Amino acid sequence: RLGGAAALRLLLAAHVVAAFEPITVGIAIGAASALTGYLSYKDLYCRFAECCRSERPLNASALKQDLEEKLFGQHLATEVILKALTGFKNNKNPKKPLTLSLHGWAGTGKNFVSQIVAENLHPKGLKSNFVHLFVSTLHFPHEQHIKLYQARNCYPDQLQRWIRGNVSACAGSVFIFDEMDKLHPGVIDAIKPFLDYYEQIDGVSYRKAIFIFLSNAGGDLITKTALDFWRAGRKREDIQLKDLEAVLSVGVFNNKHSGLWHSGLIDRNLIDYFIPFLPLEYRHVKMCVQAEMKARGSAVDEDVVTRVAEEMTFFPKDEKIYSDKGCKTVQSRLDFY
Ligand SMILES: *[C@@H]1O[C@H](CO)[C@@H](O)[C@H](O)[C@H]1NC(C)=O
Ligand SMILES: CC(=O)N[C@H]1CO[C@H](CO)[C@@H](O)[C@@H]1O
């Protein structure tokens with residue numbers, strides 16, 4: 001048995017090689033782990049290369065802490081996401097992939113939550129090889145371009161091949177579809193089979209995968225409900241899922257621009273959870289500014305916090321309760337100060 005220093009040298013060598021050549025890494029790491037003797041090959045390998053580890057249990061308290069500390073004003077989303085993910089990850093035998101549909105105005109935290117979820121499932125988050133973000137306006141064509149894309153064979157077959165390839169490589173892959181409301185129905189048709197209750201499709205099981213859809217659809221109805229509560233003098237935190245769930249699925253379903261409209265995702269119950277994001281109030285915007293300052297490593301200057309928050313525009317006209325853009329422009333405004 002070699003001393004610690006020699007083993008360490010081997011490990012470092014493996015690390016350097018890791019950047020260049022996967023097969024050599026395997027051998028070098030194998031040697032190093034034989035020498036160090038206490039780390040399994042897999043553990044060691046996964047220090048250098050990203051491993052999929054679909055079976056790794058979710059750390060529910062870490063997810064809870066992330067959501068509570070970083071996401072502001074979204075008690076419903078926090079609750080539902082925590083419940084949905086722990087339930088799904090604790091289930092050894094899910095009958096279908098987990099599908100979450102996140103709804104609300106821009107800046108309310110939908111993208112942010114997807115990022116938190118991704119990081120809790122795969123430590124590298126959005127940079128992970130097992131997390132895939134599709135932005136409809138970026139990845140998918142406008143209607144008039146569809147022929148062209150079809151000719152180039154990158155739509156929607158390409159998407160199916162990607163999903164298939166990605167899930168084959170990692171059963172616990174996460175797919176995030178942003179701007180669902182701008183997504184062409186054909187794209188949804190292409191992914192629909194993967195969301196269904198099939199045991200396998202062509203030898204691949206999609207049941208451990210997670211699909212997250214983001215859209216603005218239903219944002220106006222969610223806002224209306226929040227406003228009704230406010231006007232009735234009731235607390236925001238008293239809004240319950242049942243106050244919104246019906247509104248949401250009917251509203252979304254009836255909205256031609258929702259991307260989910262007549263896609264069969266709803267009438268076939270392929271969406272497991274509709275998750276509403278409430279419009280953000282002045283106090284939440286302030287929390288966003290404070291959090292952003294902390295994240296940048298600077299002391300929280302309440303003066304600046306107030307100034308940034310007061311620069312946002314609030315609606316409705318008379319009451320001025322909710323921020324137009326949620327927390328969306330906080331970062332750039334903070335840059336300015
Ligand atoms: C889960 O997360 C908590 C909070 O971040 C941490 O203290 C704990 O060690 C984690 N547990 C495991 C098993 O990783
Ligand atoms: C193996 C495979 O098909 N991987 C695909 C996973 O998805 C990304 C897009 O996010 C494709 O670029 C990969 O080719």
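Just so we're clear, the structure is a prediction, and the values are computed from it rather than from any experiment. Residue numbers count from 1 along this sequence. Counting starts at 1 for both ligands and their atoms, following the listed order.
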Subject >> Pair S128, E50: side-chain N/O donor-acceptor within cut-off below 3.5 Å >> reply: yes

**OP:** List every atom of ligand 1 that sits less than 4.0 Å from any heavy atom of A62, numbering the atoms from 1 in the order shown and giving each element.
**Re:** 2 (O), 5 (O)

Original post:
Would you say H284's side chain and G326's backbone share a donor-acceptor pair under 3.5 angstrom?
Top reply: no

**OP:** Determine the interplanar angle of the F130 and H122 rings, folded into 0 to 90°, and report it as parallel if under 30°, tilted if 30 to 60°, perpendicular if over 60°.
**Re:** tilted

Original post:
Considering only the protein, which heavy-atom contact is closest to atom 4 (C) of ligand 1, and what is its distance?
Top reply: Q65 OE1, 3.4 Å

**OP:** Would you please classify the geometry between the F211 ring and the F177 ring as parallel, tilted or perpendicular, with 30° and 60° separating the classes?
**Re:** parallel

List, one per line, each side-chain donor-acceptor pair under 3.5 Å for residues 55-64, sequence neighbours excluded.
unit_1, atom_1, unit_2, atom_2, d
R56, NH2, L121, O, 2.8
N59, OD1, S61, N, 3.3
N59, OD1, S61, OG, 2.9
N59, OD1, A62, N, 3.1
K64, NZ, E68, OE2, 3.2

Original post:
Under a 4.0 Å heavy-atom cut-off, what residues line ligand 2?
Top reply: H132, R161, W162, G165, N166

Subject >> Heavy-atom closest contact (G104 atom, K110 atom, distance) >> reply: O-NZ, 2.8 Å

Subject >> Spacing of CG belonging to L241 relative to CD belonging to E79, to within rounding of 0.5 Å >> reply: 7.0 Å

Subject >> atom 11 (N) of ligand 1 touched by protein heavy atom at under 4.0 Å >> reply: yes

Subject >> Protein heavy-atom partner closest to atom 1 (C) of ligand 1 - residue, atom, separation in Å >> reply: N59 ND2, 1.5 Å

Subject >> Separation of I81 CD1 from I212 CD1 (nearest 0.5 Å) >> reply: 7.5 Å

